[in-house]
Every structure is written in C-alpha cells, then in structure tokens.
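First up is the structure itself, then whatever we jot down about it.
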2 protein chains.
Amino acid sequence: MATNRTESVERALSILSAFSTQKPVMTLAEIAEETGLHKSTILRLTNSMQIYGFIQRDEDGRYSVGPSVWRLGLIFRRDFTKREHVAPSLRILAEATGETASFYVRVGNERVCLYRENSPNLLRFHVEEGMRLKLSTGASGLVLRHFSGDDVGDLAHFNRNGTVSTVGQTNPNISSVSTPVFKNTGELAGALTVSGLATRFDEEARANAIPLLESLAKSLMAAD
Amino acid sequence: MATNRTESVERALSILSAFSTQKPVMTLAEIAEETGLHKSTILRLTNSMQIYGFIQRDEDGRYSVGPSVWRLGLIFRRDFTKREHVAPSLRILAEATGETASFYVRVGNERVCLYRENSPNLLRFHVEEGMRLKLSTGASGLVLRHFSGDDVGDLAHFNRNGTVSTVGQTNPNISSVSTPVFKNTGELAGALTVSGLATRFDEEARANAIPLLESLAKSLMAAD
DNA sequence: TCACACCGTTTCACTTGATAGAACGCAAAT
DNA sequence: ATTTGCGTTCTATCAAGTGAAACGGTGTGA
C-alpha cells in the first residue's frame, strides 16, 4: 500500500463499514463475504476492535457495532453540523415547500444523510438519518462532488450560487434542489437539499424553493 | 503483541478514543500527547481513517471525528438497548425517585452512559449521554464488573437480585442504586441506575427505589 | 444414523507492512 | 533576528500481519 496509509487499519474499518441498518448484525462468515477478508484476519481485527468497544460480539458469535462508536458519534454531532443548528432550517424548508428537507455530507464516494425533516405528505421521498446514497447521483451528490474538488464536467446544472436543480437522479420520480453549505473557513460542510415527487415538486416549485434554500444555507455559515 | 490482536488497529482506535466532549477537536501534536504515538505514525493512521470517514481534518489541520462514526453509532442505537425501549423506564424512575436515572454499558475498563433522564431538581447528579466514567467506581461500575465476570471481592454490596446500593463512590456527595439488565440470552446488556445527592437520596429512599428499579430492569429483558 | 458442508478457531511460515528517528520547511513566538 | 514547535517526508529496520491449512464442532439432508 501507499506509504502514507495503513492497510490493516483500512481492513478493520472496512469491517465496521459493512454494518448497515439492513445488516446491523453479522456472523464471521457474513463479514468475510461482505469484505473479502480471510476469516482468521477478521478474527484478529475484531478482537482488537472489541477491546476498544467498537465492535461487540454476542454469545452466538454474531458481531454488531459497539458503544464506543456511538459515543464518538455523539461528539461528531456536537460539531458545527449539530442538529440544533441545522434542524430549524430543515423545518422551515419542509414547511415552506411541503417536501423533504435534508442535509448531506460526503464520505468517500458516498453521501450520508445527517439530518432530515420529512415531508408531511404521506407520498414523499422518505429519507432516514444515517442513510447512505450514491455520490454519483442526486442533486446533493453533484453539489458535494463539485465543491469538494471533483471534476463534474458540464457545470450548466449549477446557478451562480452553486445551487443545482435535478430530476430523476436518485429515483426516476424524484426531483431535488440542493445548495452547498460552507464553514466560515470556506470549507464545504455539506449540502442542504429539498427532494420531492417530480410531479409535485416541478420546475416552478423548485425555482420558488431556491431563494429560501440559499438564504438558509448562508445562515448556517454563521457557526464556528 | 498477542497473535490474536492487531497492534496498528489498536493504535488507530486509541486515536479515535482520545476524542471526547471536552476535546472534540485536536491538532496532530495534541493527539501525539494524548496517545503517546509518534507524529508520523499518527499521520499514516489518520490518513486511512479519513478515507473511510471515521476522522476528518479541517483546513487548519485539526482533527475531529468523522460522519462514518455517527452513521454506525445510529446502527448501534437501533440495537436491543435502543432509546425507545429504555427511555420509558428511565422516565418512570426519574419521576418516581426525583433523581437522575441512567443506563450504562461497559466499554473496556470504563462505563459509558448510553441514556439518561436527568432529575427535575436543579441540584442533581447531572449526567450527559456519552459520558465516560470509571469502571472502578460507582454502583453501576460494580454491577458491570461483577456481571461481566470480573472478581469484585466482597459481594456484601449485592442483594440476591444483583442490585447494589452505594454512597460516595463517583462523588463524595452522590449515592446510587444500580441493577443488572440482561438480554434474553442471559448476557449482560447494561446497568440500570438511579443516582442522587446522598443527603436526599438516603438509605431509605434508595431502599424504596430498589423494587421499582428491579421490576423495570426485568421488563427491559423482553426485547430481542 | 451417517456423511457432508460450513462455521469458527488455531497455528505458523513467509512476506510485507508499519514504525519511529532524522531531517526539513514553515510559521509563530520571543 | 533567532528560537521553538508543528506538520510533513523519507527510509532502514524489524516486527507485525496475512492467509493457507488443519481441526473440532454443529447443523442439515438423505
């Protein structure tokens, strides 16, 4: 491996990253299948992670995420992007547009939904906090890639404030608008996004949502 | 190191474990001081953790916990010990006793508060979720050590249901009662605890709290 | 009941990865 | 202007980490 990384640490983190809301518990064999690692390697790596509380193992030998991960997750959430800071903007957006408002951050080649205020409509683009979606799709994916330095090709999707309006990316029936949120230091914090049914959240509705979206994104910059 | 563990993984996890609510952000030098690791070692380890989103680094070169930790932490919380399951019991306990009710799990040689319902009294043993406390002190420390197989010496503190009543352990002015919570499989899930001012949460008040504490602990067993 | 498949565990030869010391450039502090 | 400390890079050295093989146990199906 490259000399500025640590292969066995990445193996261990790939084990942790294999857990999901669909797969919160896994056997040794399942982890081997998910990660491609050898069972004896997994045993060694998970023994160390257990000692530090990042993984736990029940009496049937099944593995799950441990309490240390959650404890550190709380620290993350007390960061700039903490819920109390972002939540009012999401609520305003969800109420004003009638659609689902969410805040995404980039993790490697994925985007993760940190916070969301789901639409009051029963027919909606339902997002759960913690969901991982592809970075290659969606308005927020485009925003996160562009403003973290990736080449996204044609910039015609973006207005001059970096806001994107898309249809049928995450899902053929979903349309979205998304805009970047920056920290005071100029770094990208994440993407503030509204998503809804394309038939309801049409071009006019999306255009009407953009000024409020951009205004709220700018107001989120104040913290740090 | 023992052949069933992985030293570099434990070094990486010791870096992650160095973060706390008091120290959510650290420089390279601060991490070196906290962990005793060499700076070049930390650089390599953190490069790998950044790639997987477990650590992030701002433009000033300061490190903080990354979004992958939080995402996995959500998975942990959807486990047996998920909030919705435990919270009603904590609320009942806090209301019935007027003191702080909390739920602790063991992590290595520490206990971590997963959930708490703080006392309505302004003068109280205030606990935040995510707090790490010593395993060697406190009623819940005693319970967690005893029921995870450690030798705790004199068992006189325990009643026949494994409940402990202590004074002046975590803090000279604090008294606590704590009882084990088990999973259906018989494994220890954690310790359900009530803590308050020793002058207010005296021997009689603690004795009065124990039946309810034990009853609620048993009711928590139903899940899985 | 038996054979087979799969799981989790242990061992160890071998290869490669990981470490930390040294040196460097830079910025901040004195 | 000088010193100090930080973050970064490089590399010789050595120990760690890997995965293949073998094992015992358990569950399944014939």
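Just so it is clear: chains get the letters A, B, ... in the order the sequence lines come, proteins before strands, and each one is counted from 1. Values below: every heavy atom of this structure, side chains too, minus hydrogens, waters and symmetry copies.
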>> Any non-hydrogen side-chain atom of A/Leu43 less than 4.5 Å from a side-chain atom of B/Asn4?
In response: no

>> Going by the rule ring-ring contact (aromatic ring centres under 6.0 Å, His included), which residues pair with B/Phe147 if we only count those two or more places apart in sequence or in a different chain?
In response: B/Phe182

> Taking CZ from A/Arg57 and C1' from C/dC7, how many angstroms apart are they, rounded to a whole number?
Replying inline: 11 Å

>> Please report the distance, rounded to the nearest Å, between OH in B/Tyr63 and P in D/dG7.
In response: 8 Å

>> Can you tell me which nucleotide in C/dA18, D/dG19, D/dT8 comes closest to the side chain of A/Arg11?
In response: D/dG19

> Is the shortest side-chain N/O distance from B/Ser8 to OP1 or OP2 of D/dA16 below 4.0 Å?
Replying inline: no

>> Rounded to whole Å, how long is the line connecting atom CZ of A/Arg5 with atom P of C/dT16?
In response: 18 Å

Residues 29-38 of chain A, side-chain donor-acceptor partners within the protein, below 3.5 Å, at least two apart:
{"from": "A/Glu30", "atom 1": "OE1", "to": "A/Thr27", "atom 2": "N", "distance (Å)": "2.8"}
{"from": "A/Glu34", "atom 1": "OE2", "to": "A/Lys23", "atom 2": "NZ", "distance (Å)": "2.9"}
{"from": "A/Thr35", "atom 1": "OG1", "to": "A/Ile31", "atom 2": "O", "distance (Å)": "2.7"}
{"from": "A/Thr35", "atom 1": "OG1", "to": "A/Leu37", "atom 2": "N", "distance (Å)": "3.3"}
{"from": "A/His38", "atom 1": "ND1", "to": "A/Ser40", "atom 2": "N", "distance (Å)": "3.2"}
{"from": "A/His38", "atom 1": "ND1", "to": "A/Ser40", "atom 2": "OG", "distance (Å)": "3.0"}

>> Quick check for you: among C/dT19, C/dG8, D/dG19, whose closest atom lies nearest to any side-chain atom of A/Thr27?
In response: C/dG8

> Roughly how far, to the nearest 0.5 Å, is the CD1 atom of A/Ile51 from the CG atom of B/Leu13?
Replying inline: 10.0 Å

> To the nearest angstrom, how far is A/Arg62 atom CZ from C/dC7 atom C1'?
Replying inline: 14 Å

> Does D/dT18 have OP1 or OP2 sitting under 4.0 Å from an N or O in the side chain of A/Arg44?
Replying inline: yes

Got a list of protein N/O to nucleotides 22-29 of chain C N/O distances below 3.5 Å?
none

> Between D/dC6, D/dT8, D/dG17, which one does the side chain of B/Ala29 approach most closely?
Replying inline: D/dC6

>> Output the rounded distance in Å from CD1 (B/Ile15) to C1' (C/dT19).
In response: 13 Å

> With respect to the phosphate group of C/dA18, does any side-chain polar atom (N or O) of A/Thr6 fall under 4.0 Å of OP1 or OP2?
Replying inline: no

> Do A/Gln56 and B/Val105 touch side chain to side chain, with heavy atoms closer than 4.5 Å?
Replying inline: no

> Roughly how bent is the helix from C/dT1-D/dA30 to C/dT30-D/dA1 end to end, in steps of 10 degrees, with each end axis from five pairs?
Replying inline: 40°

>> I'd like to check B/Leu72 versus B/Phe54 (side-chain heavy atoms, cut-off strictly below 4.5 Å). Are they in contact?
In response: yes

> Do B/Arg11 and A/Thr6 have side-chain heavy atoms sitting under 4.5 Å apart?
Replying inline: no

Please list, one pair per line, the donor and acceptor atoms closer than 3.5 Å that link side chains of residues 132-143 of chain A to other protein atoms, with sequence neighbours excluded.
{"from": "A/Arg132", "atom 1": "NH1", "to": "A/Ser17", "atom 2": "O", "distance (Å)": "3.3"}
{"from": "A/Ser140", "atom 1": "OG", "to": "A/Arg111", "atom 2": "NH1", "distance (Å)": "2.8"}

> Of all the choices, D/dG17, D/dT18, D/dT9, which nucleotide is nearest to the side chain of B/Glu7 once you look at every atom?
Replying inline: D/dG17

> Which residues satisfy the ring-ring contact (aromatic ring centres under 6.0 Å, His included) test with B/Phe158, sequence neighbours excluded?
Replying inline: B/His146

> On DNA chain C, nearest-nucleotide positions of A/Glu30 versus A/Val9: which is more 5'?
Replying inline: A/Glu30

> Atom CG of B/Leu43 to atom P of C/dG21: distance rounded to whole Å?
Replying inline: 15 Å

>> Just the rounded figure in Å: distance from P of D/dA20 to CD1 of A/Ile42.
In response: 13 Å

> If we only count heavy atoms from C-beta on, is the B/Leu192 to B/Leu93 side-chain gap below 4.5 Å?
Replying inline: yes

> When the distance from CG of B/Leu37 to C1' of D/dG7 is rounded to whole Å, what number comes out?
Replying inline: 16 Å

